[in-house]
Amino acid sequence: MDCKMIVLDIDETLLDSKGNITDRNKAAIKKALEQGIKVVLCSGRTHNAVIDYTNELNINGSNQFVITNGGAIIENMEGKIIYKKMLSNKFYRTFYNFVMENGLHYNVVDEFGNTYTSSDEWIDKYTILQAFENDNGLYLRNPDDLSNDFKIVKAIINGDKAELDNISAKVHDEFDKDFFVVRTGDGFLEVASQGGDKGTAIKALAKMLNINLEQVMAIGDGENDLAMLNVVGKKVAMNNASSTIKSVADFITSDNDHSGVALAIEKFAL
């Protein structure tokens, strides 16, 4: 393929099971960048939780980009936000009422990577993990404690696998019509704006860069990667990917512990 842009999920895709980028992955990405191919990290993580990896890969400058918060924000590597899909405090109040009525744990994240929740007793481990990963503040606030113009990039229901399996259908019934709902991993069931998904963000970035989507390759493993695979010309699933992701892929590469990202780049882009 005439590859102009490579879009990479981070967790369980770019990173191995120890949370590292393999030397082979680094080498393939370096070659792609040297050939003028855009390499875009695309993650549910916030800016602070992604920037160390872009630095490690030498993805930098005003003409390189990163997609964060599951697709809600696109920014260049000088920190200029060029695309943003936010949720209002009105939505936050609706979401808050839903989780309170159903006895759920939750957190929300603003565009700066601050994490918000409210608790009378204890804060669940997934919210603490979210705040730690975001490398920013954790605030105990109810929606009514915040200004009417306060906005968030995503709202997250937290719980173990059984808890999220049990509530998932109800969350989709409540929010699917007007929002984007996706399971992003153990402990996290996210609600974002329509247009705050990876696929819509990739389409927006490709249009800005005048790149045909047929010239874009995306590599992922999880449910939140489905939207991005569905819009690109070359769909690559990790060998450790879910069966759903594998079912839509053009190619199944090696797993994340065996440099699957590099194998796909070498095969289709270099």
Legend entry - Distance (rounded to the nearest 0.5 Å) between L263 CG and F268 CZ: 8.5 Å
Inset, instruction - State yes or no: do I10 and I245 share one hydrophobic cluster built from I, L, V, M, F, W and Y residues joined by side-chain heavy-atom distances below 4.5 Å, directly or via other members? - result: no
Legend entry - Contact summary for R183 and E223, nearest pair of heavy atoms: CB-OE1, 3.1 Å
Legend entry - Test log, rule salt bridge (charged side-chain N to carboxylate O under 4.0 Å, His left out), inputs E56 and K26: CA-CA 9 Å; E56 186 176 354; K26 289 179 186 178; 2.9 Å; yes
Inset, instruction - With rounding to the nearest 0.5 Å, note down the distance linking NZ in K31 to CD1 in I265. - result: 11.0 Å
Inset, instruction - Could you walk me through whether I6 and V40 pass the side chain to side chain contact (heavy atoms under 4.5 Å, CB included) test, one step at a time? - result: CA-CA 6 Å; I6 301 166; V40 181; over 6 Å; no
Legend entry - Gap separating the CG atom of L14 from the CD1 atom of I21, nearest 0.5 angstrom: 4.5 Å
Inset, instruction - Check the side chains of R141 and N114 for a donor-acceptor pair under 3.5 angstrom, ignoring hydrogens and angles. - result: no
Inset, instruction - State whether the number of non-hydrogen atoms from other residues, nucleotides or ligands found under 6.0 Å of H172 atom NE2 is greater than 12. - result: yes
Inset, instruction - Check the side chains of T200 and D197 for a donor-acceptor pair under 3.5 angstrom, ignoring hydrogens and angles. - result: yes
Inset, instruction - Determine whether V181 and M228 fall in the same hydrophobic cluster, where Ile, Leu, Val, Met, Phe, Trp and Tyr are linked whenever their side-chain heavy atoms lie under 4.5 Å apart. - result: no
Legend entry - CA sep, side-chain torsions, deciding dist, call: F188, Q130, side chain to side chain contact (heavy atoms under 4.5 Å, CB included): CA-CA 9 Å; F188 303 94; Q130 178 85 59; 3.6 Å; yes
Inset, instruction - Answer yes or no: does atom NZ of K90 have more than 12 heavy-atom neighbours from other residues, nucleotides or ligands under 6.0 Å? - result: no
Inset, instruction - Classify the side-chain pair S17/D257 by whether it contains a donor and acceptor separated by less than 3.5 Å. - result: yes
Inset, instruction - Could you state whether V236 and L213 fall into the same hydrophobic cluster, counting links through intermediate Ile, Leu, Val, Met, Phe, Trp or Tyr residues with side-chain heavy atoms under 4.5 angstrom apart? - result: no
Legend entry - D173 atom CG, neighbour heavy-atom count above 12 within 6.0 Å: yes
Legend entry - Pair T46-N134, side-chain donor/acceptor within less than 3.5 Å: yes
Inset, instruction - State plainly whether one hydrophobic cluster holds both F180 and V108, where clusters connect Ile, Leu, Val, Met, Phe, Trp and Tyr through side-chain heavy atoms under 4.5 angstrom apart. - result: no
Inset, instruction - Walk me through it: do T22 and D16 pass the test side chain to side chain donor-acceptor pair (under 3.5 Å)? - result: CA-CA 7 Å; T22 67; D16 64 20; over 6 Å; no
Inset, instruction - Have a look at D225 and tell me which of K198, K235, K246 forms a salt bridge (charged side-chain N to carboxylate O under 4.0 Å, His left out) with it. - result: K198
Inset, instruction - Establish whether I156 and M86 are linked, either directly or via other cluster members, by ILVMFWY side-chain heavy-atom contacts under 4.5 Å. - result: yes
Legend entry - Residues S118, Y106; criterion side chain to side chain donor-acceptor pair (under 3.5 Å); working and verdict: CA-CA 8 Å; S118 56; Y106 82 98; 2.9 Å; yes
Inset, instruction - Indicate whether the side chain of T13 and that of N256 have a donor and an acceptor atom separated by less than 3.5 Å. - result: no
Inset, instruction - Go through the steps to decide whether V261 and T253 satisfy the test side chain to side chain contact (heavy atoms under 4.5 Å, CB included), and finish with yes or no. - result: CA-CA 7 Å; V261 163; T253 188; over 6 Å; no
Legend entry - Passing candidate, side chain to side chain contact (heavy atoms under 4.5 Å, CB included) with K154, options V182, N69, T184: N69
Legend entry - Gap between atom CD1 of I211 and atom CG of D2 - 0.5 Å precision: 10.0 Å
Inset, instruction - Determine, for K234 against E214, whether the closest basic-nitrogen to carboxylate-oxygen distance falls under 4.0 angstrom. - result: no
Inset, instruction - May I ask you to check whether T115 and N107 show a side-chain donor-acceptor distance below 3.5 Å? - result: no
Inset, instruction - Could you check K84 against E111 for side chain to side chain contact (heavy atoms under 4.5 Å, CB included), going step by step and ending with a plain yes or no? - result: CA-CA 9 Å; K84 180 166 61 176; E111 65 180 293; 3.1 Å; yes
Inset, instruction - Might you confirm whether atom CZ of F132 has over 12 heavy atoms from other residues, nucleotides or ligands at distances under 6.0 Å? - result: no
Inset, instruction - Looking only at non-hydrogen atoms, find the nearest pair between Q194 and D178 and report the distance. - result: CG-O, 3.1 Å
Inset, instruction - Evaluate whether atom CG of D186 has more than 12 neighbouring non-hydrogen atoms of other residues, nucleotides or ligands under 6.0 angstrom away. - result: no
Inset, instruction - State, without any angle test, whether Y139 and T117 hold a side-chain donor-acceptor pair at a distance under 3.5 Å. - result: no
Legend entry - Ion pair K151/D110, N-O distance below 4.0 Å: no
Legend entry - Test item: side-chain donor near acceptor, K170 and N102, under 3.5 Å: yes
Legend entry - N97 and T94: side chain donor to acceptor below 3.5 Å: no
Legend entry - Reference residue Y116; test ring pair (Phe, Tyr, Trp, His ring centres under 6.0 Å); the match among Y92, F95, Y96, F150: F150
